[in-house]
Amino acid sequence: MLWMQTLPALSVFAFVSSITPGPNNLMLMTSGTNFGLRRTVPHMLGVSIGFVLMIVLVGLGLAELFARYPVAHEVLKWVSVAYLLYLAWKVATAAPPGEGDAAGRPLTFVQAALFQWVNPKAWTMALTGVTVYLPPVEPWIGLALVAGLFGAVNLPCVGVWAVMGVKLRRWLGDRRRLRMFNIAAAVLLVASLYPTVAQPATGSLTVPSSSRSSGE
């Protein structure tokens, strides 16, 4: 089957894009450091399940919508940038666990799932996964394969970042070190926006015929 030929390349893309730094992974590492692994699990599940849902919806037609109306993609990009800047500020000014109120709480499952829709890296991953790796034949099987493979690969990858954060807890037990870590994480979160901000406003999104077939 044609979609089987794309499986190796899709697997590599799913792993590399899921394990490399980005808003999700940086926030999960920060959550693991501040709240521990158990309290970060809903955040992890929200990221992976929310992203799988995004891939399905993109495959069902959102990619085609953005191709026809580039302004919608541009508006979403800048809304995402604004929201991530807000999150970076919240991370940098977060009170240590046990102090403050909302600032001392990890993201819930629903919050993490909804966050995917304003995460520029998640949009890039979903659009690329659907437009590049979805074959023009058997689109429904292909879409299920793309979504399922990403779900299987993404959860362990984001879990690695949460565990990395947990491993840093002992060293960051000092309040001053924890504050410096949160500020550094916020700076990295802002830096992760560079590829999105630097992307040209026009001509940056194309949808091959494979995506169009899947959305019909």
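Residues: numbered from 1 along the sequence shown. Being a predicted model, the structure only gives us computed values, none of them experimental.
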Take atom CZ of Phe109 as the centre, draw a 6.0 Å sphere, and report whether it contains more than 12 heavy atoms from other residues, nucleotides or ligands.
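Correct, the count exceeds 12.
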Within-4.5 Å side-chain heavy-atom neighbours: [X] and [Y]:
X: Leu168; Y: Met164; answer: no
X: Pro8; Y: Val12; answer: no
X: Phe115; Y: Asn24; answer: yes
X: Ser18; Y: Met125; answer: yes

For Leu114, all residues meeting side-chain contact (heavy atoms from CB on, under 4.5 Å), sequence neighbours excluded:
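Partners of Leu114 under the side-chain contact (heavy atoms from CB on, under 4.5 Å) test: Val110.
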Quick one: side-chain contact (heavy atoms from CB on, under 4.5 Å) partners of Ser48, sequence neighbours excluded?
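Scan of Ser48 (side-chain contact (heavy atoms from CB on, under 4.5 Å), adjacent residues dropped) gives Asn154, Leu155, Val158.
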What are the two closest heavy atoms between Ala162 and Leu37, and how far apart are they?
CB-CD1, 4.0 Å
So which atom in Asn119 and which in Pro23 form the shortest heavy-atom distance, rounded to 0.1 Å?
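Smallest heavy-atom distance, with atoms named: OD1-CG, 3.4 Å.
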Donor-acceptor contacts, no H, no angles, side chain residues 52-61, under 3.5 Å, sequence neighbours left out:
none

Ignoring hydrogens and angles, state whether a donor on the side chain of Lys121 or Thr20 is under 3.5 Å from an acceptor on the partner side chain.
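A donor-acceptor contact under 3.5 Å links the two side chains.
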What distance separates [X] [atom1] from [Y] [atom2], expressed to the nearest 0.5 Å?
X: Met29; Y: Lys167; atom1: CE; atom2: NZ; value: 15.0 Å
X: Leu107; Y: Leu28; atom1: CG; atom2: CG; value: 8.5 Å
X: Trp161; Y: Thr33; atom1: CH2; atom2: OG1; value: 11.0 Å

Return yes if some donor-acceptor pair links the side-chain N/O of Gln116 with the main-chain N/O of Ala113 below 3.5 Å, else return no.
no
Any donor and acceptor pair, going by atom type alone, linking the side chain of Thr40 with main-chain N or O of His43 inside 3.5 Å?
no
Who are the side chain to side chain donor-acceptor pair (under 3.5 Å) partners of Thr128, not counting sequence neighbours?
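Scan of Thr128 (side chain to side chain donor-acceptor pair (under 3.5 Å), adjacent residues dropped) gives none.
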Sequence neighbours excluded, which residues qualify as side chain to side chain donor-acceptor pair (under 3.5 Å) partners of Ser11?
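Residues passing side chain to side chain donor-acceptor pair (under 3.5 Å) with Ser11: none at all.
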Looking at residues at least two apart in the chain, or sitting in another chain, which of them share a ring pair (Phe, Tyr, Trp, His ring centres under 6.0 Å) with Phe150?
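Here the qualifying residues are Phe13, Phe51.
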